[in-house]
Amino acid sequence: MTKNKYYLTTPIYYVNDRPHIGHAYTTILADVLARFHQLGPQAQAIFFLTGLDEHGQKVQQAAEKRGLPPQVHCDELAGRFRDLWEKLEINPTDFIRTTEARHQAVVRSVLQKIYEKGEIFSAEYEGWYSVAEERFITETDVQSGAFRDVRKIKEKNYFFRMSDYQDELIKHIEKNPDFIQPAHRRNEVLGFLRQPLGDLCISRPKSRLAWGIELPFDENYVTYVWFDALLNYVTGPGYLSDPDGFKKWWPADAHLIGKDILTTHAVYWPTMLMAMGLELPRTIFAHGWWLTGETKMSKSLGNIVDPLELVNRYGVDAVRFFLMKEMVLGQDANFTVDLFVRCYNNNLANDFGNLLNRVSGLIGRYFDGMIPGPDDNKTEEEQAIMAEADYGRVEDYINAFRVNEAIDSIMTLVGMANAYMEKQAPWKVAKTDLKRAGMILYTATEALRVSAVLLIPVMPQKTAEVLDILGATGSGPQWGGLKAGTKLKAHDALFPRIEILTE
Ligand code: MSP
């Protein structure tokens, strides 16, 4: 059953550098899902939260490198993130920064409460610490050689009794198959939970790291960055500050994350919520990585794709379309300019854009630019096209996080309409039977309109253009929204073909 609200989140991004395609991807995905959930007869109220993770060592080091106080550094980069989201047509309900007072208040109050419940204790700890990963690691980890910047540390710290919740968490995952998706990630977490779960170190001594939220019960320490960051998901909808808002939105319907931050979200976060006495999110969905060649796109590898450059060259809609169509949610996907151009030319220039050109050209020539009216007699092919224009199917794919298949099914409708035009050749029919030619053009134009409505979440700008040309702005996804007699507006090619120079 669909509820009338939908709360979804992206990870909050470290402000250590400019955002790349990997960050843009999750945020676009959330935006596309949010817009789909607002479309159609089952439209839901949406809370879409994104933001920035501004504390911790990575950010402190990035600020130091630029010779700036961390807050100044964060403020500057926050502007860049906001600008980019705007250029990408991303419309979050709320943009949270962990340095904001509203968030610091939540973190401190949660810590205090859990501390008073006896769920946080202090202990002297001696062990290996990975500076790069900002966490304590085991002897086996050290031997694996997978960690850089490893040192032995002996210090007092505070720990959250995460181990107390291991059994409850396993039971919850087993009882709720949709809690961790896709299924292979769920199995991964269950596998991890077969080992005894340790307690979670939630403090860092200020002598080692000063940039964080001070513990309410010990001024010599700041909060471990993940304990701080995860709480953003409850700060956003108003935990402890807006009881009505919070009650309306919590629990989150979907936390979208990359596969590299699965443990923090599927183990740390639910146990924290259990200690706080709050419901667990309905779904944690881990997507794969964007790769360039065979390797993960990342700042340290220097192989990042700048989303702004792409947008400036090809337009925001094409970038959103490619990212959503090309990645099967849950698997890795490859980013190359060649794949991008091919996807653009085939789907947007040849299929979607071309359908508009054809119908508007012919309606111009044979009907004075006025949309002809439909006919009551429908051929089998016309009925098949109407059946394909089915919002319900798109909605099912979206609810199952199968975004690429949702897009494929819309593009099938576009493809059918193009094939229908070729087969029916209304430019020939018009010479002998203008009424029949009108029916053909009406059907193809209506298929174009429905596909444009269904693609609004993916391509908000170009679909608005198409609907404006058709005089159908604000129309819904049900068949029959075109108004006969409407004068089509003049237009340029929607997606001019990209001529690629192959080296
Ligand atoms: N700050 C933490 C998240 C805290 S959430 C409470 C963090 N930030 S991050 O900026 O390093 O990464 C944010 C997200 O970007 C992660 O989900 C990560 O998987 C995603 N990506 C980073 N590089 C990526 C690709 N190359 N491809 C797809 N997503 C990737 O982790």
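Since the structure is predicted, the reported quantities are computational estimates derived from the model, not experimental observations. Both ligands and their constituent atoms are indexed starting at 1 by order of listing.
Taking the centre of each ring, Y314 and F340 come in below the 6.0 Å mark. The six-membered or imidazole ring of Y233 lies away from that of Y7, with a centre-to-centre distance of 6.0 Å or more.
Shown are F227, W269, W226; of these, the side-chain contact (heavy atoms from CB on, under 4.5 Å) with T264 is made only by W226.
The shortest distance between side-chain heavy atoms of N404 and M327 does not fall below 4.5 Å.
Among the atoms of K259, none of the N or O lies under 3.5 angstrom from an N or O of ligand 1. At under 3.5 Å, a nitrogen or oxygen of D260, whether backbone or side chain, sits near a nitrogen or oxygen of ligand 1. At least one N or O atom of W290, backbone or side chain, sits closer than 3.5 Å to an N or O atom of ligand 1.
Short contacts between ligand 1 and G288, defined as distances under 4.0 Å to a heavy atom of the residue, involve ligand atoms 28 (C). Under a 4.0 Å criterion applied to the non-hydrogen atoms of G258, ligand 1 contributes the atoms 17 (O), 19 (O). The H23 neighbourhood of ligand 1 comprises atoms 10 (O), 15 (O), with distances under 4.0 Å to a heavy atom of that residue. Every atom of ligand 1 with a heavy atom of D53 under 4.0 Å away is listed here by number and element: 1 (N), 2 (C), 4 (C). The distance from ligand 1 to the heavy atoms of H287 drops below 4.0 Å at these ligand atoms: 28 (C), 29 (N). Heavy-atom proximity to H265, at under 4.0 Å, picks out these atoms of ligand 1: 5 (S), 6 (C). Every atom of ligand 1 is numbered from 1 in the order shown, and the set under 4.0 Å from a heavy atom of A229 is 6 (C). With ligand atoms numbered from 1 in the order given, ligand 1 contributes 16 (C), 17 (O), 31 (O) to contacts under 4.0 Å with heavy atoms of I261.
Cation-pi check for K152 over Y129 is not met; the charged atom does not lie both under 6.0 angstrom from the ring centroid and within 45 degrees of its normal.
Residue-ligand proximity: Y233 is placed with a non-hydrogen atom under 4.0 Å from ligand 1.
Contact detail for F160 and T271: the closest heavy-atom pair is CZ-O, 3.5 Å. Taking every heavy atom of both residues into account, P281 and P251 meet most closely at CA-CB, 4.2 Å. Closest non-hydrogen pair, D53 versus A229, comes out as OD2-CB, 3.4 Å.
The option from D332, I21, I12 that lies nearest to atom 3 (C) of ligand 1, judged by heavy atoms, is I12.
Using a 3.5 Å distance cut-off with no hydrogens or angles, the side chains of E100 and Q104 do not pair a donor with an acceptor.
When non-hydrogen atoms are compared, ligand 1 lies under 4.0 Å from neither the backbone nor the side chain of Y25.
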